[in-house]
Asker: 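One structure, pasted below without further comment.
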Amino acid sequence: MDTQSSQISSSQGFADGQNSAAKESKMSDSFLSSSPVSLIQSPQVNSLIHWRDPKKSGVVFGLSLLLLLSLAAFSVISVVSYLLLALLCVTITFRIYKSVIQAVQKSNEGHPFKVLIEKDVSIPPETFRKHVDTSLTHINRALKQMSRLFLVEDLVDSLKLAVVMWLLTYVGAVFNGITILILADILLFAVPPIYEKNK
């Protein structure tokens with residue numbers, strides 16, 4: 001009787017261990033799936049940077065480059081204000097145009113953005129919590145790594161970081177952050193198709 005109960009408890013302990021291992025693997029899978037590397041490797045981003053649909057890739061590349069060039073020339077506040085002002089001008093113009101058309105044709109179509117106004121744009125609490133948890137995982141991992149490097153847990157790793165930071169001071173003297181982002185944007189959309197053609 002005692003041996004049976006011990007066998008049952010050991011099998012339950014084994015099952016609990018398997019369940020916790022499965023939960024941990026799911027958490028690590030979700031962490032990996034939300035990392036920036038997996039984002040770049042996602043099918044949508046992959047098709048964009050390989051120019052599978054030239055129109056869509058051209059629009060995304062053009063808008064991202066225009067935004068970065070605008071940020072290089074103006075402040076962030078000015079760029080955001082101009083973008084929102086342009087969007088507001090488009091929506092107001094379209095609303096007035098539709099109102100005039102409806103008055104001339106004497107139709108009762110209603111508000112042109114009625115479908116969008118009635119659409120629920122609120123973020124579900126579960127989605128918000130999931131993103132907060134994922135962000136917290138990244139932040140905790142970064143903080144742990146920073147404390148490990150800056151408190152010299154491993155001398156070699158800390159020296160490597162010091163060399164990288166020293167090299168970045170020279171990069172920063174030549175380029176500013178927005179210039180590096182512009183170059184990265186151009187390379188992101190230029191290198192994959194060139195590599196695919198000439199590999």
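Because only heavy atoms are used, hydrogens play no part in the values below, and waters and symmetry mates are left out as well, while side chains stay in. Heads up: numbering here begins at 1 and tracks the sequence. Just so you know, these numbers come straight off a predicted model, no measurement behind them.
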Asker: Of all the heavy-atom pairs spanning I182 and A72, show the shortest one and how long it is.
Answerer: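 The answer is CD1-CB, 4.2 Å.
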Asker: More than 12 heavy atoms of other residues, nucleotides or ligands under 6.0 Å from CG of L151: yes or no?
Answerer: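 Counting neighbours around CG of L151, more than 12 heavy atoms of other residues, nucleotides or ligands fall under 6.0 Å, so yes.
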Asker: State yes or no: do L48 and I186 share one hydrophobic cluster built from I, L, V, M, F, W and Y residues joined by side-chain heavy-atom distances below 4.5 Å, directly or via other members?
Answerer: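 Yes, because L48 and I186 connect within a single hydrophobic cluster, where side-chain heavy atoms sit under 4.5 Å apart.
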Asker: Give a yes or no on whether L63 and F189 share a hydrophobic cluster (residues Ile, Leu, Val, Met, Phe, Trp, Tyr; joining criterion: side-chain heavy atoms under 4.5 Å apart).
Answerer: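 L63 and F189: separate clusters.
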Asker: For a quick check under 3.5 Å, do R141 and T137 share a side-chain donor-acceptor pair by atom type?
Answerer: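 No pair is found: no donor N or O on one side chain lies under 3.5 Å from an acceptor on the other.
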Asker: Can you name the closest pair of heavy atoms from S47 and S57 and give their distance?
Answerer: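 Of all heavy-atom pairs spanning S47 and S57, the closest is O-OG, 3.9 Å.
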Asker: Quick check for you: to the nearest 0.5 Å, what is the distance between L65 atom CG and L181 atom CG?
Answerer: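 It comes to 11.5 Å.
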Asker: Answer yes or no: does atom CD1 of I77 have more than 12 heavy-atom neighbours from other residues, nucleotides or ligands under 6.0 Å?
Answerer: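 No, CD1 of I77 has 12 or fewer neighbouring heavy atoms, counting only those of other groups under 6.0 Å.
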Asker: Kindly work out whether a path of hydrophobic side-chain contacts (I/L/V/M/F/W/Y, heavy atoms less than 4.5 Å apart) joins V100 to F94.
Answerer: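 No, because V100 and F94 fall into different hydrophobic clusters, even though each may have its own neighbours under 4.5 Å.
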Asker: For P192, does its backbone N or O pair with a side-chain atom of W51 as donor and acceptor, under 3.5 Å?
Answerer: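 Judged by distance alone, no pair lies under 3.5 Å.
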Asker: Spell out, as yes or no, whether a donor-acceptor pair under 3.5 Å connects the side chain of S158 to the backbone of F150.
Answerer: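 A pair under 3.5 Å: no.
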Asker: When clusters are formed by joining ILVMFWY residues with side-chain heavy atoms under 4.5 Å apart, either directly or through shared neighbours, do L69 and V60 land in the same one?
Answerer: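 Yes, because L69 and V60 connect within a single hydrophobic cluster, where side-chain heavy atoms sit under 4.5 Å apart.
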Asker: For a 4.5 angstrom cut-off between non-hydrogen side-chain atoms, does K160 reach V156?
Answerer: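 Heavy-atom side-chain distance check passes, below 4.5 Å.
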Asker: Hey, could you give me the CG/CD1 distance between L67 and I178, rounded to the nearest 0.5 Å?
Answerer: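 Between L67 CG and I178 CD1, I get 7.5 Å after rounding to 0.5 Å.
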Asker: First locate atom CZ of F128, then atom CG of D133, and finally report the distance between them rounded to the nearest 0.5 Å.
Answerer: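 These two atoms lie 10.0 Å from each other.
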Asker: Could you please spell out the steps behind the side chain to side chain contact (heavy atoms under 4.5 Å, CB included) verdict for I139 and L143?
Answerer: CA-CA 6 Å; I139 290 165; L143 288 172; 3.9 Å; yes
Asker: Mind checking the CD1-OG1 spacing from I96 to T91? Nearest 0.5 Å is all I need.
Answerer: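 One finds 9.5 Å between CD1 of I96 and OG1 of T91.
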Asker: Hey, could you give me the CG/CD1 distance between L168 and I180, rounded to the nearest 0.5 Å?
Answerer: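 Going from CG on L168 over to CD1 on I180, the span is 7.5 Å.
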Asker: Assess whether side-chain hydrogen bond (donor to acceptor under 3.5 Å, both in side chains) is satisfied between S99 and R95, documenting all intermediate values.
Answerer: CA-CA 6 Å; S99 298; R95 172 83 164 91; 3.0 Å; yes
Asker: How many angstroms lie between CG in L155 and CG in L149, if you round to the nearest 0.5 Å?
Answerer: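 Output value for this atom pair is 11.5 Å.
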Asker: Is it true that, when you exclude F74 itself, more than 12 heavy atoms of the residues, nucleotides or ligands shown sit nearer than 6.0 Å to its CZ?
Answerer: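 12 or below, so no.
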Asker: Just by distance, do the side chain of T169 and the backbone of W166 share a donor-acceptor pair under 3.5 Å?
Answerer: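 It does hold such a pair.
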Asker: Quick one: do L68 and L84 end up in the same hydrophobic cluster if we chain Ile, Leu, Val, Met, Phe, Trp and Tyr together by side-chain heavy atoms under 4.5 Å apart?
Answerer: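 Yes.
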